[in-house]
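FYI, the numbering just counts along the sequence from 1. Atoms within each ligand, like the ligands themselves, are counted from 1 in listed order. It should be emphasised that the depicted structure is a prediction, and the values quoted were computed from it without experimental measurement.
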Amino acid sequence: MATIIVQRPKLAWHERWFLSTFAKGLKITLGHALKTFLEITGRKEKVTMEYPEQKWDEHLPEYYRGAPALVTDDLGRERCVSCQLCEFICPPKAIRIIPSEIPSNDPWAKVEKRPKEFDIDMTRCIYCGMCEEVCPEQAIFLRKDYAITGESRAELVHDKKRLYEIGGVRVGLVNKWNELK
Ligand code: SF4
Ligand code: SF4
């Protein structure tokens, strides 16, 4: 078996005492301390946001993708027709829908279905936005939310009630409410 002898480099006295390494580390620490001092005294723009006193809300870009939520129209009607396309397309299978039939005596019986249950598991959601893209009724949108918290996994499964609470109202034409279509 071949033996390889590894030559140890000869260290100068200041390297043996780690003086140069210590000086490099100290330089970085002092640099950060100076930067923080300038930020605190207002002489330099802050890069650290002091959450929750300060929030990102006004600074979020247009394309920001946050928590998905269901929306109603301006008359409080559910836009979702329970077609389950979003459930089908969702890559991590975070959406679970149980559809229900709209009774034939309902004025909007032609819409046929609405969700009986609609859950989105936020521990699975990857905020990809595919549910929003695929929805034919503009019933699900990714909101500009980033503070999604809960004390248990169960709390992070947003049910239909919660999804409508965070989604709110969206105004705009949806053909299913058009009596002539
Ligand atoms: S954003 Fe993506 S991962 Fe989250 S629920 Fe919609 S399709 Fe699923
Ligand atoms: S949210 Fe949209 S895609 Fe999902 S079931 Fe409802 S109508 Fe279909």
Side-chain angles (χ1 to χ4, degrees), residues 35-36 39 45-181:
K35 206 168 120 214
T36 308
E39 283 175 5
E45 197 184 342
K46 278 188 188 179
V47 287
T48 308
M49 192 166 276
E50 287 167 20
Y51 185 85
E53 286 78 20
Q54 295 176 317
K55 293 198 169 142
W56 269 101
D57 298 17
E58 312 90 59
H59 308 281
L60 291 174
E62 262 312 296
Y63 49 80
Y64 184 85
R65 297 199 301 253
L70 291 173
V71 292
T72 59
D73 71 357
D74 45 341
L75 298 176
R77 297 177 294 201
E78 287 185 285
R79 283 182 170 232
C80 175
V81 291
S82 211
C83 68
Q84 293 177 281
L85 278 173
C86 55
E87 183 179 19
F88 179 75
I89 200 105
C90 177
K93 303 282 172 227
I95 301 178
R96 187 187 68 94
I97 300 169
I98 298 183
S100 67
E101 196 178 337
I102 298 179
S104 54
N105 57 354
D106 188 289
W108 292 104
K110 78 175 186 85
V111 177
E112 295 182 7
K113 286 197 295 175
R114 61 185 159 213
K116 185 171 166 216
E117 289 179 30
F118 198 123
D119 297 335
I120 302 184
D121 186 343
M122 294 312 298
T123 63
R124 281 178 166 254
C125 178
I126 53 170
Y127 306 90
C128 64
M130 290 179 81
C131 50
E132 178 180 324
E133 278 192 35
V134 80
C135 180
E137 300 294 337
Q138 298 170 318
I140 188 165
F141 284 92
L142 266 62
R143 296 185 52 79
K144 290 188 171 31
D145 292 328
Y146 50 88
I148 300 153
T149 57
E151 292 184 357
S152 64
R153 282 176 176 269
E155 273 182 40
L156 289 171
V157 178
H158 292 171
D159 62 10
K160 187 172 132 172
K161 184 166 169 278
R162 174 95 181 108
L163 290 171
Y164 277 120
E165 264 170 23
I166 58 176
V169 176
R170 282 261 168 157
V171 182
L173 179 71
V174 177
N175 275 334
K176 72 176 180 179
W177 303 127
N178 186 334
E179 284 170 340
L180 303 175
K181 295 208 174 191

Subject >> Residue list, salt bridge (Lys or Arg N to Asp or Glu O under 4.0 Å) with K161, at least two apart or on another chain >> reply: E165
Subject >> R143: partners by salt bridge (Lys or Arg N to Asp or Glu O under 4.0 Å), with sequence neighbours left out >> reply: D145
**OP:** Around atom 4 (Fe) of ligand 2, list the protein N/O/S atoms within a radius below 2.8 Å, excluding water molecules.
**Re:** C86 SG
Original post:
In terms of residue, atom name and distance, what is the protein heavy atom nearest to atom 2 (Fe) of ligand 1?
Top reply: C128 SG, 2.3 Å
**OP:** Could you find the nearest protein heavy atom to atom 8 (Fe) of ligand 1 and give me its residue, atom name and distance?
**Re:** C90 SG, 2.3 Å
Where ligand 1 meets [X] - atom numbers and elements under 4.0 angstrom, heavy-atom basis:
{"X": "Y127", "value": "1 (S), 4 (Fe)"}
{"X": "C125", "value": "1 (S), 3 (S), 4 (Fe), 5 (S)"}
{"X": "P92", "value": "3 (S)"}
{"X": "I126", "value": "3 (S), 4 (Fe)"}

[X] atom [atom1], neighbour heavy-atom count above 12 within 6.0 Å:
{"X": "F88", "atom1": "CZ", "value": "no"}
{"X": "E101", "atom1": "CD", "value": "no"}
{"X": "K144", "atom1": "NZ", "value": "yes"}

Original post:
Any side-chain heavy atom of E132 within less than 4.5 Å of one from P68?
Top reply: no
Subject >> By side chain to side chain contact (heavy atoms under 4.5 Å, CB included) - contacts of I89 (at least two apart) >> reply: M130, V134
Original post:
Do Y146 and D57 get their side chains close enough for a donor-acceptor pair, meaning under 3.5 Å?
Top reply: yes
**OP:** State plainly whether the residues D119 and R96 are in salt-bridge range, i.e. N to O under 4.0 Å.
**Re:** yes
